[in-house]
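Some notes on the structure that comes next.
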Amino acid sequence: MDLSERSGSIYRHPWELSRTGIILRELKKLRIHGRVLDVGCGDAYFDKKLVNEFPEITELWGIDIHAEENVHNGKEHYVNSYDVIGGVF
């Protein structure tokens with residue numbers, strides 16, 4: 001769990017921002033596309049950055065047991081149980 005999730009703050013810790021930048025830079029080298037599954041997505045901060053950076057992602061599923069509700073918004077889907085995504089992957 002990231003610090004901003006625990007505190008409810010809208011501000012991100014510098015470590016989280018740095019980690020996000022590094023991972024996105026490395027993923028650009030891989031030219032990711034298609035469907036993405038993020039297990040333990042937290043509040044989906046990273047996933048939203050990922051979808052913005054990679055328009056070639058057709059679907060992103062984030063799963064986290066602490067998610068309060070299931071959200072389906074365009075190509076982004078966030079669920080609190082693997083059972084919800086069943087046969088998708």
Discussion item. Between Asn70 and Asn80 (side chain of the first, backbone of the second, donor and acceptor by atom type, cut-off under 3.5 Å), is there such a pair?
Written reply: yes
For a quick test of your reading: what N or O donor-acceptor pairs under 3.5 Å do the side chains of residues 23-31 make, sequence neighbours left out?
unit_1 : atom_1 : unit_2 : atom_2 : d
Glu26  : OE1    : Lys29  : NZ     : 3.3
Glu26  : OE2    : Lys29  : NZ     : 3.1
Lys28  : NZ     : Glu53  : OE1    : 3.0

Worksheet item: Checking side chain to side chain contact (heavy atoms under 4.5 Å, CB included) against Tyr78, which of Asp64, Asn73, Asp47 comes through?
Response: Asp47
Practice prompt. Just jot down the side-chain contact (heavy atoms from CB on, under 4.5 Å) partners of Leu17, sequence neighbours excluded, or say none.
Written response: Arg12, Tyr45
Worksheet item: Mind checking what makes side chain to side chain donor-acceptor pair (under 3.5 Å) contact with Lys49, not counting sequence neighbours?
Response: none
Discussion item. Checking the side chain of Asp38 only, and the main-chain atoms of Gly62 only, is there a donor and an acceptor separated by less than 3.5 Å?
Written reply: no
Worksheet item: Do the ring planes of Trp61 and His77 sit parallel (below 30°), tilted (30 to 60°) or perpendicular (above 60°)?
Response: parallel
Worksheet item: Within a strict 4.5 Å, meaning less than it, do heavy atoms of the Arg35 and Leu37 side chains meet?
Response: no
Worksheet item: Are Thr58 and Lys75 close enough that some pair of their side-chain heavy atoms sits under 4.5 Å apart?
Response: no
